[in-house]
2 protein chains.
Amino acid sequence: MNDKFVSASDVAKRAGVSRSAVSRTFTTGASVSEKTRRKVMAAAEELGYKVNLLARTLHMSRSDLVGVVGKNLSSPYISAQIDALSAALSKHDLQCILVNLAQVDGDITKSVERLLEYRVRTVVLLSGAAPDEVVRICAANGTRLVLINRTMPAAVAHADMIEADSATGGRLAARRLIQAGCQNVAVLVSASRTHAKRARAEAFIAEMDRSGVAVTQWREGPHCYETGADAARTLLARPGIDGIFAVSDELALGALNTARHELGFSVPEDLSIIGFDDAPISGWSSHDLTTVRQSLSALTEATLQAVMGPANGPSSRRSIPVKLVERGSVR
Amino acid sequence: MNDKFVSASDVAKRAGVSRSAVSRTFTTGASVSEKTRRKVMAAAEELGYKVNLLARTLHMSRSDLVGVVGKNLSSPYISAQIDALSAALSKHDLQCILVNLAQVDGDITKSVERLLEYRVRTVVLLSGAAPDEVVRICAANGTRLVLINRTMPAAVAHADMIEADSATGGRLAARRLIQAGCQNVAVLVSASRTHAKRARAEAFIAEMDRSGVAVTQWREGPHCYETGADAARTLLARPGIDGIFAVSDELALGALNTARHELGFSVPEDLSIIGFDDAPISGWSSHDLTTVRQSLSALTEATLQAVMGPANGPSSRRSIPVKLVERGSVR
DNA sequence: ATTTGGTTTGCACAGCTGTGCAATGGAGTT
DNA sequence: AACTCCATTGCACAGCTGTGCAAACCAAAT
């Protein structure tokens, strides 16, 4: 219909008022008489006028744009996280610009810088998987950061760190496997050893050490389902391992399915498995995975509060409590 | 570090050149001497300057923003779609603004209008689940639309429709169940009866009719995993049903898991199940679901082409071929 | 040395908005 | 009727960019 976008001046001309009146009509809390407001609204409706948020944002310094950057976006927990976060942002009138760090060949730096060029108010890093480079760029730009399950590589002025209680999580998993009578356990970490993942594994190992149980570590491969499967194939090839703790549900499910359906193990009779996250599909009856839950709603709530907070406030640190969810993958 | 964003004038002052020179340095294909370019670059680096894309977009009419709107964002296929699409967009220097239609209480109209206010170049509707209202708003605004597995409610000027070959998919599923010897089958549609979902079901029913096989339809509940589970509980309560076709993998997995683990059915011995989509997790050994594949890469490629196409081009219609992926859920 | 040609540069404008400031108008009070 | 006061309105500016146009510059050719 309209090849060019209609601007406030067009509406003003049509309604026979000044452009200021139009602007004030669409600005909450501005002073406009009821009569002109109606005239303006009628003209706007007729012409299909919409405020140009680019211009508004340009003028004000405040932006409604939030950058959400992550990797492995279709993994069970991350996708649930995106779903919850985008809904929450929308509810608070914030727009979500999604950046996928997946492109191996493309320059990651470029994607993040382009995001910054839109003057986003905050950048949310969905998981620890994002490289340090990303944090560095945002920090240098003075953009507020929200880091989820991640530490900073260096001192960053404005950052909110949110982390599920890794130490408690690892300890809970260890105690449960000990209680199940496991004598020879493995911990699955993958090559992507984020701070949080490492902390979970270390707490697990420390607790196992205290009980004198040997722990084998799996540190190869990218952080994905297939890596969990590969780990199971290798670790379970010779008998011995009777318990597995994976630092994410994705890894756990790869191992669980491979053990059950490919290697012929009975879970939990022959082998106990515990994951971390409590992704929605972990509760499906096809998996029935016992896992350490980091509450998605608590995580989202904390993220939102960090995003809505003052742009220049000091750095903060929040911890999300975890809880062992008992299902059928542990004896 | 910098409370206010640094602008091109700041860089110009620092480098001792005009603001135009700075602008040209950051505009590809503009005429700048190598000497001034270096001076500008040095000053920019020093001050941490970044082009303000809001202002650039405001000035040019061309935008790099693409609105991606969907519902049920963490469902198995949609999340894979978002992953693939966001990566592809990023590779072509396009930014992805994600809009989640999940908020039940919030006004959907508001979210979409806010999106339009950012002057996005295109709006992509991820699935047929988005209400007609959304299409109407975009069309009235003159924004180009990309509809995935969806028809338009009325005549829309600029729209690209992309649809997996529903008719063939439904037919393939029917033939396969017939070949498996099913005598009494059900089709799972849910209450969210999109055009594409209905088309799949209708093609299935038509083909079944031709062979004289009775078909029960399930048309209740929202489109999610639990609905598939509910359907299984009800339909399989009394003996008879020996084959199920679900119009999405999500429904199929709900039914499959419930039948297997809750109701004690052997799949495929007692019951054959076919889904639609071929979501990544359908291939997991815990599910091993036979399904009609709509190739994710083909779908993403088609979406990208539509997005990259001319904004004022005529409407187009693309069909994505489907293929039956044989796994272990059909006898 | 002068002309010619092409490249580089700066000015000024357009793109669209929100808002301070002064002027205007209208309503209420004495 | 005159005055006071407050809500409303319009002007002009700021916010940051890309680019047409003319001026300036530089190098090469005559």
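Chain letters run A, B, ... following the sequence lines, proteins first and then strands; every chain starts at 1.
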Notebook entry, point to check: When the nearest nucleotide of DNA chain C is assigned to A/R24 and to B/G16 on a heavy-atom basis, which residue is associated with the more 5' position?
Noted result: B/G16
Notebook entry, point to check: Does A/K71 come within less than 4.0 Å of B/D83, counting only side-chain N to carboxylate O?
Noted result: no
Next item on the list: Provide, to the nearest angstrom, the distance between the CE atom belonging to A/M60 and the P atom belonging to C/dC16.
Entry: 19 Å
Margin query: Using a distance-only criterion (donor-acceptor N/O pair, under 3.5 Å, no hydrogens), is the base of D/dG15 paired with the side chain of A/R56?
Written below: no
Margin query: Checking contacts here: which listed nucleotide (C/dT19, D/dT19, D/dC16) is nearest the side-chain heavy atoms of B/S7?
Written below: D/dC16
Margin query: Between A/T194 (side chain only) and A/K197 (backbone N and O only), is there a donor and an acceptor less than 3.5 Å apart?
Written below: no
Note to self: What is the distance, to the nearest angstrom, from the CD atom on A/E34 to the P atom on C/dG25?
What the structure shows: 22 Å
Checklist line | Any N/O donor-acceptor pair, B/S18 side-chain to C/dC11 base, under 3.5 Å | finding: no
Next item on the list: Could you check how far NZ of A/K50 sits from P of C/dC16, rounded to whole Å?
Entry: 16 Å
Notebook entry, point to check: Between B/V22 and B/L58, which has a closest nucleotide on DNA chain D that is more 5'?
Noted result: B/L58
Note to self: Within the 4.0 Å heavy-atom criterion, would you say B/S20 contacts the bases, only the backbone, or no part of the nucleic acid?
What the structure shows: base
Next item on the list: When you get a sec, tell me which of C/dG10, D/dA7, C/dT19 is the closest nucleotide to the side chain of A/S31?
Entry: D/dA7
Item checked: Sugar-phosphate only, base, or nothing, as touched by B/T36 at under 4.0 Å among non-hydrogen atoms -> sugar-phosphate
Item checked: Nucleotide D/dC16, atom C1' - distance to NE2 of B/H59 in whole Å -> 11 Å
Notebook entry, point to check: Taking atom C1' of C/dT9 as reference, at what distance in whole Å does atom CZ of B/R19 sit?
Noted result: 13 Å
Checklist line | Any B/S33 side-chain N or O less than 4.0 Å from OP1/OP2 of C/dT8 | finding: no
Checklist line | Length of the line joining A/L54:CG and C/dA14:C1', which is rounded to integer Å | finding: 16 Å
Next item on the list: Look at the side chain of A/N52 and decide which nucleotide, out of C/dT17, C/dG10, D/dT19, has an atom nearest to it.
Entry: C/dT17
Note to self: Any side-chain N or O of A/Y49 below 4.0 angstrom from OP1/OP2 of C/dT17?
What the structure shows: yes
Notebook entry, point to check: Taking the six-membered ring for Trp, is the centroid-to-centroid distance between B/Y49 and B/F26 below 6.0 Å?
Noted result: yes
Next item on the list: Looking only at side-chain atoms of A/T27, point me to the closest of D/dC16, C/dT19, C/dT9.
Entry: C/dT19
Next item on the list: Compare every heavy atom of B/G48 with every heavy atom of A/N141, then report the nearest pair and how far apart it is.
Entry: ND2-O, 4.3 Å
Item checked: Derivation and outcome, salt bridge (charged side-chain N to carboxylate O under 4.0 Å, His left out), residues A/R136 and A/E133 -> CA-CA 5 Å; A/R136 208 187 51 71; A/E133 186 73 358; 3.3 Å; yes
Note to self: Nearest whole Å is fine: how far is D/dT8 P from A/R38 CZ?
What the structure shows: 13 Å
Margin query: Could you tell me how far apart A/D64 (CG) and C/dT17 (P) are, to the nearest whole angstrom?
Written below: 16 Å
